[in-house]
Amino acid sequence: MESMQQWTIPLPNNYRFKESLNFLGRNDQECLHRIHHGHLYKLLTCDQALFLIKIFEEKKELKIDCLNNTPNGHQWQFIVEYVADWLDLTTDLGKFYQFAEKDPVLAPLVGSYFGLGLMGIPELFEALSWAIIGQQINLAFAYKLKRRWVENFGTKLMFDNQAYYLLPTPQQSAVIPDEALKQWQFSRQKIKYLKEIARLLSEGVLSKKSLQELQPAEIEKRLTRIKGVGTWTAHYVMMKCLRIPTAFPIQDVGLHQALKVCLSLDQKPAIDDIRQWEQRWEPWQAYACFYLWRSLIR
DNA sequence: AGCCAGGTGTACA
DNA sequence: TGTACACATGGC
């Protein structure tokens with residue numbers, strides 16, 4: 001038990017790991033995980049130690065190898081919980097599919113992406129910072145900014161001639177000079193927002209745990225009190241990090257684009273029309289949004 | 001070249 | 001409560 005190098009997780013009903021890989025592999029500029037030959041690699045940290053894990057499917061089960069280290073029982077627990085959260089291994093997708101069956105937008109999407117869980121961002125700082133980086137710029141540029149931030153200021157592990165990274169911690173981020181980020185083409189606003197959030201998290205004023213004790217409406221209020229966090233970002237974080245299935249970032253332009261395509265419209269739907277869909281999708285708004293995002297890939 | 005990009009804060013009626 | 005505009009730069 002104490003010296004295990006591999007862990008096995010049963011795959012949930014209706015879940016297809018291949019769909020997780022399809023989504024996670026959507027951008028080749030991604031720097032916080034790597035996909036290679038159907039294997040998913042990610043660097044994690046627990047108890048000040050680094051763990052490079054490899055996740056793959058074998059005999060209808062999910063296997064987690066730790067490549068660089070030997071986690072103890074407590075560390076394995078952390079790793080397994082992280083993976084289950086990240087890859088959405090605890091949701092009963094069958095319930096969503098039952099709901100989606102009679103919906104004209106969702107039914108075809110479920111047909112195309114059957115077995116896809118909602119890929120999450122378990123770390124609050126990562127969810128918030130990725131949302132802020134992505135605000136109002138195209139995704140390609142957002143990935144570029146994130147890569148610069150992670151590669152210059154995060155933690156690096158070389159393994160088998162390949163670099164793996166950890167996002168800078170809030171503590172590390174709080175002391176990055178503004179000019180350094182400015183040089184890497186972060187806007188003044190993004191720098192200010194990111195560093196303030198880093199400060200709130202490192203001082204413990206804000207935490208995932210404290211948010212999880214609140215109701216969704218209260219979480220939204222708490223998050224939008226932070227400068228740089230509007231309703232889009234709050235809902236993005238509720239959806240990807242806090243895993244609130246009713247979260248729905250209604251201003252999202254990708255969502256608008258996907259709906260336009262799914263409904264064969266000439267132009268993007270009006271916000272009031274989207275609001276109707278949102279109500280119709282209660283209590284699965286986050287999954288509806290995620291499947292719509294998925295439909296934009298490629 | 002010009003519009004758009006996984007928005008938000010601020011100003012002002 | 002509602003609209004206009006700055007931010008700030010890349011992608012296509």
Item to check | Whole-Å gap separating P (dA5(B)) and CG (Leu145(A)) | outcome: 18 Å
Checklist entry - Is Lys182(A) touching bases, backbone alone, or none of the nucleic acid, heavy atoms closer than 4.0 Å? => result sugar-phosphate
Item to check | dG2(B) versus dA8(C) - spacing of their C1' atoms, nearest Å | outcome: 16 Å
Item to check | Side-chain N or O of Arg188(A) closer than 4.0 Å to phosphate OP1/OP2 of dA8(C) | outcome: yes
Item to check | Closest to the Gln136(A) side chain, choosing from dA5(B), dG11(C), dG9(B) | outcome: dA5(B)
Next on the checklist: Salt bridge check, Glu203(A) against Arg199(A): does any charged N sit closer than 4.0 Å to a carboxylate O?
Outcome noted: yes
Checklist entry - Should Glu61(A) and Lys63(A) count as an ion pair when the cut-off is N to O under 4.0 Å? => result yes
Checklist outcome for this item: Quick note, Thr233(A) side chain, CB onward, closest among dG7(B), dA8(C), dG11(C) is dG7(B)
Item to check | Gln98(A) atom CD, over 12 foreign heavy atoms within 6.0 Å | outcome: no
Checklist outcome for this item: Here the distance between atom P of dT8(B) and atom CD of Glu196(A), to the nearest Å, is 17 Å
Item to check | Between dT8(B) (P) and Ile197(A) (CD1): distance, integer Å | outcome: 11 Å
Checklist entry - Within less than 4.0 Å of OP1 or OP2 of dT8(B), is there a side-chain N or O belonging to Gln251(A)? => result yes
Next on the checklist: By the 4.0 Å heavy-atom rule, please label Ile250(A) as base, sugar-phosphate, or nothing.
Outcome noted: nothing
Item to check | 5′-ward residue of the pair Asn138(A)/Ile226(A) relative to DNA chain B | outcome: Asn138(A)
Checklist entry - Which part of the nucleic acid, if any, lies within reach of Lys192(A) when heavy atoms closer than 4.0 Å are counted: base, sugar-phosphate only, or nothing? => result nothing
Next on the checklist: Rounded to whole Å, how long is the line connecting atom NZ of Lys268(A) with atom P of dC3(B)?
Outcome noted: 15 Å
Next on the checklist: Tell me the interatomic distance from Gln185(A), atom CD, to dC7(C), atom P, rounded to whole angstroms.
Outcome noted: 17 Å
Next on the checklist: Using a 4.0 Å heavy-atom cut-off, does Gln135(A) contact any base of the nucleic acid, only the sugar-phosphate backbone, or nothing at all?
Outcome noted: sugar-phosphate
Next on the checklist: If you only use heavy atoms from C-beta on, which nucleotide in dA8(C), dG11(C), dA5(B) is closest to the side chain of Ser187(A)?
Outcome noted: dA8(C)
Next on the checklist: Tell me whether the rings of Trp149(A) and Phe186(A) are parallel (<30°), tilted (30 to 60°) or perpendicular (>60°).
Outcome noted: perpendicular
Item to check | Between P of dT8(B) and CZ of Arg225(A), the distance in whole Å | outcome: 17 Å
Checklist outcome for this item: Against the side chain of Lys227(A), the closest entry in dG9(B), dA8(C), dG11(C) is dG9(B)
Checklist entry - Any salt bridge between Arg188(A) and Asp178(A), counting N to O under 4.0 Å? => result no
Checklist entry - Atom CD1 of Ile191(A) and atom C1' of dA8(C): how far apart are they, to the nearest Å? => result 11 Å
Checklist entry - For Asp252(A) and Gly228(A), take the nucleotide of DNA chain B holding the closest heavy atom to each; which residue's nucleotide lies nearer the 5' end? => result Asp252(A)
Checklist entry - To the nearest angstrom, how far is Phe141(A) atom CZ from dC7(C) atom C1'? => result 12 Å
Next on the checklist: Students often get this wrong, so: under 4.0 angstrom with heavy atoms, is Gln189(A) touching a base, only sugar-phosphate, or nothing?
Outcome noted: base
Item to check | Plane angle bin for Trp293(A) and Phe290(A) - parallel if under 30°, tilted between 30 and 60°, otherwise perpendicular | outcome: perpendicular
